[in-house]
A.B. asks: 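Mind having a look at this structure? Questions to follow.
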Amino acid sequence: MARIQAVRGMNDILPADTPAWRYLEDTSKQLFAQYGLEEIRTPIVESTDLFKRSIGEVTDIVEKEMYTFEDRNGDSLTLRPEGTASVVRACEEHGLLYNQTQRLFYTGPMFRHERPQKGRYRQFHQIGVECFGFNGPDVDAELIVMTYRLWQRLGLADQVRLQINSLGTAACRDTFRSALLEFLRPLKDQLDEDSQRRLDTNPLRILDSKNPHTQSLLADAPRFEDFLSEESKAHFDSLCRTLDAQAVPYEINPRLVRGLDYYCLTVFEWVTDALGAQGTVCAGGRYDGLVEQLGGKACPAVGFAMGIERLILLLQSLNLLPETVGNNVDIYIVAAGAGTEGYALEVAEALRAASPSIRVRLHHGGGSFKSQLKKADKSGAVHALIIGEGELADRRVTLKSLRSDAAQETLAFEALPGKLNGLI
């Protein structure tokens with residue numbers, strides 16, 4: 001019988017990998033708490049119409065990449081390809097946007113049927129932030145500053161670059177789109193295949209084409225900044241001044257447009273040169289019209305999403321994960337000799353009860369002291385607790401350091417929790 005394997009592009013996250021995931025997620029959540037964000041969790045399956053109306057029916061995501069199916073009632077459902085639309089739907093459905101502001105974050109899997117490659121998967125994971133009810137550029141700036149603080153905490157600040165642009169209002173965008181089409185149509189036969197297809201569906205995406213020849217053709221293309229309203233210019237100028245004041249370095253990229261239809265005004269990406277072609281690790285911007293587009297009352301909004309797989313790949317490739325990441329054990333209890341197993345379990349439970357933060361692994365399966373100590377060392381534990389027949393008789397435990405030359409010592413059972421609390 002053939003062995004069943006994971007679906008292509010949908011990867012298992014094994015025990016050796018999960019500590020890095022927890023480190024990134026925990027570091028992010030601690031930072032978000034400092035900025036007053038609250039967590040929201042949405043289903044991974046939504047009505048297909050949600051994404052058609054938010055992302056746009058003529059985008060690559062909706063046309064080619066979504067996992068869409070009919071359920072037993074004949075309803076069309078889709079595994080979420082991104083998180084923003086689901087958060088907007090949830091907030092509107094539960095009345096969280098009426099005369100209120102919201103600062104939210106989420107984590108979880110997204111799904112797109114793309115060609116799997118390093119840093120890009122069909123089931124991928126994101127950490128995202130969405131803020132609702134704030135009109136000014138101050139919240140745009142704060143979110144960008146917050147991501148910069150995250151890179152500093154992760155040791156990535158000198159490995160990523162911030163690119164920003166303004167798409168203006170919907171009216172600015174429409175005017176620019178017309179000018180861009182007028183420029184590109186005479187060049188259609190010279191464009192790459194993807195850009196030719198996008199010409200009549202999503203021409204703004206041609207601006208960030210990765211094809212070198214197409215990019216050379218765009219050298220004289222219209223620039224967004226020439227089509228911005230005075231209000232849009234003022235919004236962007238204020239954003240830049242705030243980033244300058246906070247000493248956040250940035251590049252203005254006039255061809256940065258983002259791939260989804262709902263963006264307006266501020267757009268930004270954090271990119272790196274350390275991951276090859278998959279260089280974007282965080283991206284977002286303002287989407288003031290999306291709530292109304294999905295049936296709610298007009299509500300300004302801004303947010304971003306970070307790719308967990310890409311960030312972990314970046315941290316690993318640069319050796320920036322702390323040494324403690326991956327160490328899941330503080331104490332390994334070694335027990336050998338008649339009747340020692342029950343006493344070893346009593347010791348383990350006493351430690352867990354005395355200090356919930358201490359991570360204790362109790363040896364199972366028997367074996368000699370020597371073989372058990374090898375397993376204790378391999379576990380990454382800082383200390384081993386040795387229990388033999390002598391320790392059992394005297395209700396004592398021998399403490400052995402596995403990571404230093406500290407002298408071995410024997411302690412009474414009652415003194416053990418206090419001793420370990422001072423060591424770990």
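Any value given below was found using the heavy atoms of this structure, including those in side chains, with hydrogens, waters and symmetry copies removed.
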A.B. asks: Is Leu315 close to Leu320 at the side-chain level, that is, under 4.5 Å between some pair of heavy atoms?
C.D. replies: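 Yes, side chains in contact.
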
A.B. asks: Got a second to check how far Thr340's OG1 is from Ile387's CD1, nearest 0.5 Å?
C.D. replies: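 That separation rounds to 7.0 Å.
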
A.B. asks: Answer whether the closest heavy-atom distance between the side chains of Leu294 and Leu50 falls below 4.5 Å.
C.D. replies: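 They are in side-chain contact.
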
A.B. asks: Please determine whether the number of non-hydrogen atoms from other residues, nucleotides or ligands lying under 6.0 Å from atom NZ of Lys29 exceeds 12.
C.D. replies: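 Yes.
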
A.B. asks: Kindly indicate whether the side chain of Leu77, heavy atoms from C-beta on, has any atom under 4.5 Å from the side chain of Phe69.
C.D. replies: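 In contact.
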
A.B. asks: Partners of Arg161 by salt bridge (charged side-chain N to carboxylate O under 4.0 Å, His left out), sequence neighbours excluded?
C.D. replies: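 Only Glu251, Asp273 meet the salt bridge (charged side-chain N to carboxylate O under 4.0 Å, His left out) criterion with Arg161.
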
A.B. asks: Tell me the closest heavy-atom pair linking Leu162 and Leu243, and the distance in Å.
C.D. replies: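 Looking at all heavy atoms of both residues, the closest pair is CD2-CD1, 4.1 Å.
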
A.B. asks: Would Met146 and Leu31 satisfy side-chain contact (heavy atoms from CB on, under 4.5 Å), going step by step from the backbone distance to the final call?
C.D. replies: CA-CA 8 Å; Met146 183 174 72; Leu31 181 68; 3.8 Å; yes

A.B. asks: Between the main-chain N or O of Tyr121 and the side-chain N or O of Glu309, is there a donor-acceptor pair closer than 3.5 Å?
C.D. replies: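 Absent.
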
A.B. asks: What's the separation between atom OH in Tyr23 and atom OG1 in Thr18, rounded to the nearest 0.5 Å?
C.D. replies: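 Between atom OH of Tyr23 and atom OG1 of Thr18 there are 15.5 Å.
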
A.B. asks: Side-chain donor-acceptor pairs under 3.5 Å in residues 356-366, sequence neighbours left out?
C.D. replies:
| unit_1 | atom_1 | unit_2 | atom_2 | d |
| --- | --- | --- | --- | --- |
| Ser357 | OG | Ser355 | OG | 3.2 |
| Arg359 | NE | Asp330 | OD2 | 3.2 |
| Arg359 | NH1 | Asn327 | O | 2.6 |
| Arg359 | NH2 | Asn327 | O | 3.2 |
| Arg359 | NH2 | Asp330 | OD1 | 3.1 |
| His363 | ND1 | Tyr332 | OH | 2.8 |
| His363 | NE2 | Gly366 | O | 2.7 |

A.B. asks: Can you list the steps and then say if Val129 with Leu37 is a side-chain contact (heavy atoms from CB on, under 4.5 Å)?
C.D. replies: CA-CA 8 Å; Val129 169; Leu37 302 181; 3.8 Å; yes

A.B. asks: Check salt bridge (charged side-chain N to carboxylate O under 4.0 Å, His left out) between Arg122 and all other residues, then give those that pass, not counting sequence neighbours.
C.D. replies: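 Here no residue qualifies.
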
A.B. asks: Can you see which heavy atom on Arg112 is nearest to which on Tyr67, and at what distance?
C.D. replies: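 Scanning both residues completely, I find the closest heavy atoms to be C-CE1, 3.6 Å.
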
A.B. asks: Can you tell if the side chain of Phe134 reaches within under 4.5 Å of the side chain of Val302, non-hydrogen atoms only?
C.D. replies: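 No; the side chains remain at least 4.5 Å from each other.
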
A.B. asks: Of all heavy-atom pairs between Gly133 and Thr101, which one has the smallest distance, and what is that distance?
C.D. replies: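 Looks like O-CG2, 3.8 Å.
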
A.B. asks: State whether the side chain of Thr272 and the backbone N or O of Gln159 hold a donor-acceptor pair below 3.5 Å, judged by distance alone.
C.D. replies: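 Checking the backbone N and O of Gln159 against the side chain of Thr272, a donor-acceptor pair under 3.5 Å is found.
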
A.B. asks: Enter the distance from Arg149:CZ to Glu142:CD here, rounded to the nearest 0.5 Å.
C.D. replies: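 One finds 10.5 Å between CZ of Arg149 and CD of Glu142.
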
A.B. asks: Would you call Ile127 and Leu311 a side-chain contact if the rule is heavy atoms closer than 4.5 Å?
C.D. replies: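 No. Closest side-chain heavy atoms not under 4.5 Å.
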
A.B. asks: Return the set of residues passing salt bridge (charged side-chain N to carboxylate O under 4.0 Å, His left out) with Arg223 (not counting sequence neighbours), or none when no residue passes.
C.D. replies: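 Counting only residues at least two positions away or on another chain, Arg223 forms a salt bridge (charged side-chain N to carboxylate O under 4.0 Å, His left out) with Glu225.
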
A.B. asks: Any chance you could lay out the salt bridge (charged side-chain N to carboxylate O under 4.0 Å, His left out) test for Asp17 and Arg22, step after step, and finish with the verdict?
C.D. replies: CA-CA 9 Å; Asp17 303 317; Arg22 287 199 305 271; over 6 Å; no

A.B. asks: Measure from the side-chain N and O atoms of Glu82 to the backbone N and O of Met110, and report whether any donor-acceptor pair falls under 3.5 Å.
C.D. replies: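 Checked: no pair found.
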
A.B. asks: Could you verify whether a donor N or O on one side chain and an acceptor N or O on the other, from Gln293 and Ser54, lie under 3.5 Å apart?
C.D. replies: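 There is no such pair between these side chains.
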
A.B. asks: Do Arg310 and Thr280 have side-chain heavy atoms sitting under 4.5 Å apart?
C.D. replies: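 Contact flag for Arg310/Thr280 side chains = yes.
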
A.B. asks: Test of understanding: with side chain to side chain donor-acceptor pair (under 3.5 Å), list the residues that count as partners of Asp288, not counting sequence neighbours.
C.D. replies: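 So Asp288 forms a side chain to side chain donor-acceptor pair (under 3.5 Å) with Arg286.
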
A.B. asks: Look at the aromatic rings of Phe413 and Tyr343 and report parallel, tilted or perpendicular, splitting at 30° and 60°.
C.D. replies: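 It falls in the tilted class, 30° to 60°.
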
A.B. asks: Could you tell me whether the side chain of Thr147 and the main chain of Ile144 form a donor-acceptor pair under 3.5 Å?
C.D. replies: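 Indeed, once roles are kept as given, a pair shorter than 3.5 Å links the two residues.
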
A.B. asks: Which pair of heavy atoms, one from Trp270 and one from Tyr148, lies closest together, and at what distance?
C.D. replies: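 In terms of heavy atoms, the two residues are closest at CH2-CD1, 3.7 Å.
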
A.B. asks: Okay, side chain of Gln372, backbone of Gly367: is any donor-acceptor separation there less than 3.5 Å?
C.D. replies: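 Here the side-chain-to-backbone pair exists.
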
A.B. asks: How long is the gap from CH2 on Trp151 to CG on Asp158, to the nearest 0.5 Å?
C.D. replies: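 The CH2 atom of Trp151 sits 13.0 Å away from the CG atom of Asp158.
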
A.B. asks: Which heavy atom of Ala376 sits nearest to which heavy atom of Ala384, and what is that distance?
C.D. replies: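 Heavy atoms of Ala376 and Ala384 come nearest at CB-CB, 4.4 Å.
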
A.B. asks: With rounding to the nearest 0.5 angstrom, report the OG1 to CG distance, Thr68 to Leu79.
C.D. replies: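 These two atoms lie 8.0 Å from each other.
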
A.B. asks: What residues form a side chain to side chain donor-acceptor pair (under 3.5 Å) with Thr398, not counting sequence neighbours?
C.D. replies: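 With sequence neighbours excluded, Thr398 shows a side chain to side chain donor-acceptor pair (under 3.5 Å) to Glu391, Thr410, given in chain and number order.
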
A.B. asks: Would you call Leu24 and Met306 a side-chain contact if the rule is heavy atoms closer than 4.5 Å?
C.D. replies: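 A side-chain contact is absent here, since even the closest heavy-atom pair is not under 4.5 Å.
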
A.B. asks: So Phe224 and Phe176, would you call those rings parallel, tilted or perpendicular, with 30° and 60° as cut-offs?
C.D. replies: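 Taking Phe176 first and then Phe224, their aromatic rings lie parallel (interplane angle under 30°).
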
A.B. asks: The criterion is side chain to side chain contact (heavy atoms under 4.5 Å, CB included); which residues satisfy it with Ser216, sequence neighbours excluded?
C.D. replies: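 Scan of Ser216 (side chain to side chain contact (heavy atoms under 4.5 Å, CB included), adjacent residues dropped) gives His213.
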
A.B. asks: Might you work through the side-chain contact (heavy atoms from CB on, under 4.5 Å) test for Val45 and Asp71, ending with a clear yes or no?
C.D. replies: CA-CA 11 Å; Val45 178; Asp71 71 0; over 6 Å; no

A.B. asks: Between atom CG of Leu314 and atom CG of Leu156, what is the distance when rounded to the nearest 0.5 Å?
C.D. replies: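 Leu314 CG to Leu156 CG: 5.0 Å, rounded to 0.5 Å.
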
A.B. asks: Assess the residue pair His235 and Asp140 against the criterion (side-chain contact (heavy atoms from CB on, under 4.5 Å)); give the C-alpha distance rounded to whole Å, side-chain angles, the decisive distance to 0.1 Å, and a yes or no.
C.D. replies: CA-CA 10 Å; His235 187 105; Asp140 306 14; 2.9 Å; yes

A.B. asks: Taking side-chain hydrogen bond (donor to acceptor under 3.5 Å, both in side chains) as the cut-off, I'd like each qualifying pair that reaches into residues 35-46, sequence neighbours left out, listed once.
C.D. replies: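 Residue pairs with at least one partner in residues 35-46: Glu39-Arg41, Thr42-Arg80, Glu46-Ser86, Glu46-Arg89.
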
A.B. asks: How would you list, by chain and number, every residue that makes a salt bridge (charged side-chain N to carboxylate O under 4.0 Å, His left out) with Arg395, sequence neighbours excluded?
C.D. replies: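 Salt bridge (charged side-chain N to carboxylate O under 4.0 Å, His left out) check on Arg395 returns Glu346.
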
A.B. asks: Show every ring pair (Phe, Tyr, Trp, His ring centres under 6.0 Å) that has at least one partner inside residues 367-394, sequence neighbours left out.
C.D. replies: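 Not a single pair qualifies under ring pair (Phe, Tyr, Trp, His ring centres under 6.0 Å).
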
A.B. asks: List the residues meeting side chain to side chain donor-acceptor pair (under 3.5 Å) with Glu25, not counting sequence neighbours, and say none if there are none.
C.D. replies: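 Not a single residue meets the side chain to side chain donor-acceptor pair (under 3.5 Å) criterion with Glu25.
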
A.B. asks: Can you tell me if Asn73 has over 12 outside heavy atoms packed within less than 6.0 Å of its CG?
C.D. replies: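 Yes, because the 6.0 Å sphere around CG of Asn73 holds more than 12 heavy atoms from other groups.
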
A.B. asks: I'd like to know if the side chain of Arg255 pairs up with that of Gln215 as donor and acceptor (distance under 3.5 Å, no hydrogens or angles considered).
C.D. replies: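 Yes, side-chain donor-acceptor contact under 3.5 Å.
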
A.B. asks: Is it true that a side-chain atom of Glu292 and a backbone atom of Cys299 form a donor plus acceptor pair closer than 3.5 Å?
C.D. replies: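 It does not hold such a pair.
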
A.B. asks: Asn253 side chain to Gln163 main-chain N or O, any donor-acceptor pair under 3.5 Å?
C.D. replies: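 No; zero donor-acceptor contacts below 3.5 Å.
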
A.B. asks: Identify the two heavy atoms, one from Gly285 and one from Phe268, that lie closest to each other, and give their separation to 0.1 Å.
C.D. replies: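 Closest heavy-atom pair between Gly285 and Phe268: N-CE2, 3.8 Å.
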
A.B. asks: Any pair with a residue in residues 73-94 that passes ring pair (Phe, Tyr, Trp, His ring centres under 6.0 Å), sequence neighbours left out, goes on the list, sorted by first then second residue, please.
C.D. replies: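 Every pair satisfying ring pair (Phe, Tyr, Trp, His ring centres under 6.0 Å) with a residue in residues 73-94: there are none.
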
